[in-house]
Structures are given as C-alpha cells and as structure tokens.
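Remarks on the structure that follows.
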Amino acid sequence: MARLLADRPADTLTIGDMARQLGHSHGAVRNAALTLVRRGEADQSGTGQPKFRANAKTAAAAQTAVISPPGTHSPRAQPATARTTPAAATPRQTGPIRRAGGQLYHPRELADLPDVEALNRLRDADVPVLLYGPPGTGKTSLVEAAFPDLLTVAGDGDTTVGDLIGEYTQDDAGGYVFQYGPLVTAMTEGRALLIDDATLISPKVLAALYPAMDGRRQIQVKAHKGETIKAEPGFYVVAGHNPGVHGAVLTEALASRFSVQIQIGTDYDLALALRIDARVVRVARHLSRQVELGELGWAPQLRELLSYQKTEAVLGTKAALANLVGIAPVEDRDAVADAVIKAVGVKEVAPLTLGKQLPASAVRQPPSIGSAHRGRSR
C-alpha cells in the first residue's frame, strides 16, 4: 500500500483505485490505508469517499513490512469463483476472533464451517444474509467478527432515508454540505453494511436500499443533484431481525432480498465454557425450552448470562440472581423466579430493590474535596 502511494506522489487515490491495482479486497485495502494515516505515513482527504495521498513519510514506510499482531483481524476468504481447494481442506477459523472493540468472539458451526468463514463465502458469492433470533444471542457480534470493514446502521422506527444515504449538514462557516450516509460509504469503499434491527425500519425507507442489492448495484441520491452511486466490488449487505421485539415486521419485500436466512440462538455450552455459574445456565436452558413450547415469552440469552457473571463478581450471587429476575418482563418474572429457586436452592428471590435506610455509622463516606486537598497540602 505504502509503495503504491509512494510511486504516485502527485495522485490522490480512492479505496477502489488502490484495490483494483493491488488485487486485494476493498476491506483489506481500507484497513491498510487507515493504518498508514494513523501512523502519519499517508494523508487522507474527503468525507463521503475518502482519498489517500503520499506524504514525506510514505516512502520510508514502503521499505518496512508491518505485520498485524495475531487475532487482530480475520482474513477474507478468496472469491468463490477462484476456489480450487475442497472445503474440507480450507483453513478454518475456530479460535476466538478479536472484534474491532476488543471483545473476543467464539466461532460456532454453520453448514459444516465456522460461522465467520461461512459468512465470508456468502459475501464473496454476493448472497445477502438475514440473521434472526432473540436479542442478545450474538447476531451483531458474529457480523463484526466476520467483517472487520463493517459499517452498521442501528435501525428503529425513526430511521430515515437520510440516515442511510446521507443529508445536508451545516458546516463551521454556516454553509451546508452533503454528508454521505453509511450506505453510500459502504458502496463506494466496497465495505460490508449491517442493517441492525432492519424490521423496525419503515418499508418505505428500506426501499432505498434495494437497488443497491439487486442486479443494478447502484442507487440515485435524489437529495444530492440526482447523483448516481455505484457499488464497488466487496460491497455487501447483511441484516439483523429480532422476531419477538414489538413492532418488528418482516415484510415479503425485505425477506425476498435475503436469499439466506440464519437463525441465531444462545450457545449454552459456550456459556459454560466461559465459566458462567452452571446453575444459572441450567435455568436459562429450562426457560428457553419453555419459550420454544410457547409457555413463556422470555429466557436469558448469552448477553444476560454475561451480565449476570459481571454483576455476581461485583455485588455477589444473591444480588445477581435478584437482578436476573428483575430484568425479565413483568409477565414472566414469576416463572423465572420459580426456575431460579428450584435450580439454585434459595428460599425466595425477588427483583433487585432498594431496602431500608442504613444508619449513618454504617455508610462509608467518600472524602470531601476540601479534606482531600488538605491531605495533599500537608
């Protein structure tokens, strides 16, 4: 990357320009370009479609190979048309993957492949994926682990076309400039785009996305001079859907755009491997079976189990169990409390609640600003 920029010091190059010349994916090229910028070894300009140019340090950077530390990214699989190795012989990413925020993701099996590898193969074949399941089961975590170049739109009932495509914003000088949205950025840079909680977004808003996903692979930005945006290779859309969430509607138009739909549930074996209290995991399994039978509307997912583990470490088991009951929907709390009582062996458990006021002598007072100042001055 540095060598390409150094060889063309007078040129400003887009992600697409560099990807075509280097023969690498747009996501990999973008990550490398941003790394050079962060290190001060290249300059970046532009907002909607960033461009990169060599600076005084680029030539020196081109002489040194920089190797990313293990686990910092997940390499893209080769395009499906170029695969010559049988799937069984393909390298499999089974160990934990570090996501952009630093959290570890533990791959699970999908179609006899690690899930991150399966998603990368679907991306290379340009097959859009819809992930569905209860909140907290790891849908977003999976996509973040699979695609280091990911952009995300958090959908809700207030999401507008401008949130996807872009809109005019006021600059420091008082004028107005058009700021491209994540859809345009993903298209022009060949990146993956997650539409999270897609079924909470108005169908009229989602319609702006569809031309980018079909054979046209382009959209028209009517708000910005009718500009036509074409998708660069690597552009890919994946969506998340929480069927049990109020207001979530999977329309036929949306479902038809996603050829592969994958159900995501909580991996309770992983919860045990992460050393979450086995009794609480057993409670979650039991409640999950009741949900499947239609007898209950809620069960703790991996997110709640991880939260339980953290709360227990800070406040103790009694408080963590009370909180687990308290976060359940009101209509399901009695069933959750009964399951906890039977599995853990406590006499009773109720939502975490403030009790009576403690005597002043029992409360540890934090030092006042004045006393702390006096202590430092002596």
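- Under 3.5 Å, the side chains of Thr199 and Asn242 contain no donor-acceptor pair of N or O atoms.
- Ser288 and Ala299 get closest at one heavy-atom pair: N-CB, 3.5 Å.
- Residue Gln357 places its CD atom among 12 or fewer non-hydrogen atoms of other residues, nucleotides or ligands, all under 6.0 Å distant.
- For the pair Arg98 and Tyr105, the cation-pi test (distance below 6.0 Å, angle within 45°) is failed.
- Inter-residue side-chain proximity for Lys318 and Val349 is flagged as unmet; no heavy-atom pair is nearer than 4.5 Å.
- Within a 6.0 Å radius of CD in Glu252, other residues, nucleotides and ligands contribute 12 heavy atoms or fewer.
- For Arg99 and Ser141, the side-chain atoms include at least one donor-acceptor pair closer than 3.5 Å.
- Between Leu119 and Ile262, the closest side-chain pair of non-hydrogen atoms falls below 4.5 Å.
- With respect to Arg285 and Asp269, a salt bridge is recorded, a charged nitrogen being found less than 4.0 Å from a carboxylate O.
- In this structure, a donor-acceptor pair under 3.5 Å is present between the side chains of Glu312 and Thr317.
- Using a 4.5 Å heavy-atom threshold, the side chains of Tyr308 and Asp277 count as touching.
- Residues passing the side chain to side chain donor-acceptor pair (under 3.5 Å) test with Glu227 are Tyr180, His224, sequence neighbours excluded.
- Arg217 forms no cation-pi arrangement with Phe235, by the criterion of a distance under 6.0 Å to the ring centre and an angle within 45° of the ring axis.
- Between Val281 and Ala271, the closest heavy-atom pair is CG2-CB, 4.0 Å.
- More than 12 heavy-atom neighbours from other residues, nucleotides or ligands sit within 6.0 angstrom of CG on Asp7.
- Residues Leu254 and Ile201 have side chains not in contact (no heavy-atom distance under 4.5 Å, counting atoms from C-beta outward).
- Of the possible polar contacts, none joining the Thr266 side chain to the Tyr268 backbone as a donor-acceptor pair under 3.5 Å is found.
- Counting only residues at least two apart or on different chains, the side chain to side chain donor-acceptor pair (under 3.5 Å) pairs with a member in residues 152-169 are Asp156-Thr159, Thr160-Asp163.
- Arg8 pairs by the side chain to side chain donor-acceptor pair (under 3.5 Å) definition with Asp11, Gln21, not counting sequence neighbours.
- In this structure, the side chain of Glu117 does not engage the main chain of Pro114 through any donor-acceptor pair within 3.5 Å.
- The side chain to side chain contact (heavy atoms under 4.5 Å, CB included) test with Leu142 is passed by exactly one of Val129, Ile264, Thr137: Ile264.
- In this structure the side chain of Leu13 never reaches within 4.5 angstrom of the side chain of Arg53, judged on heavy atoms.
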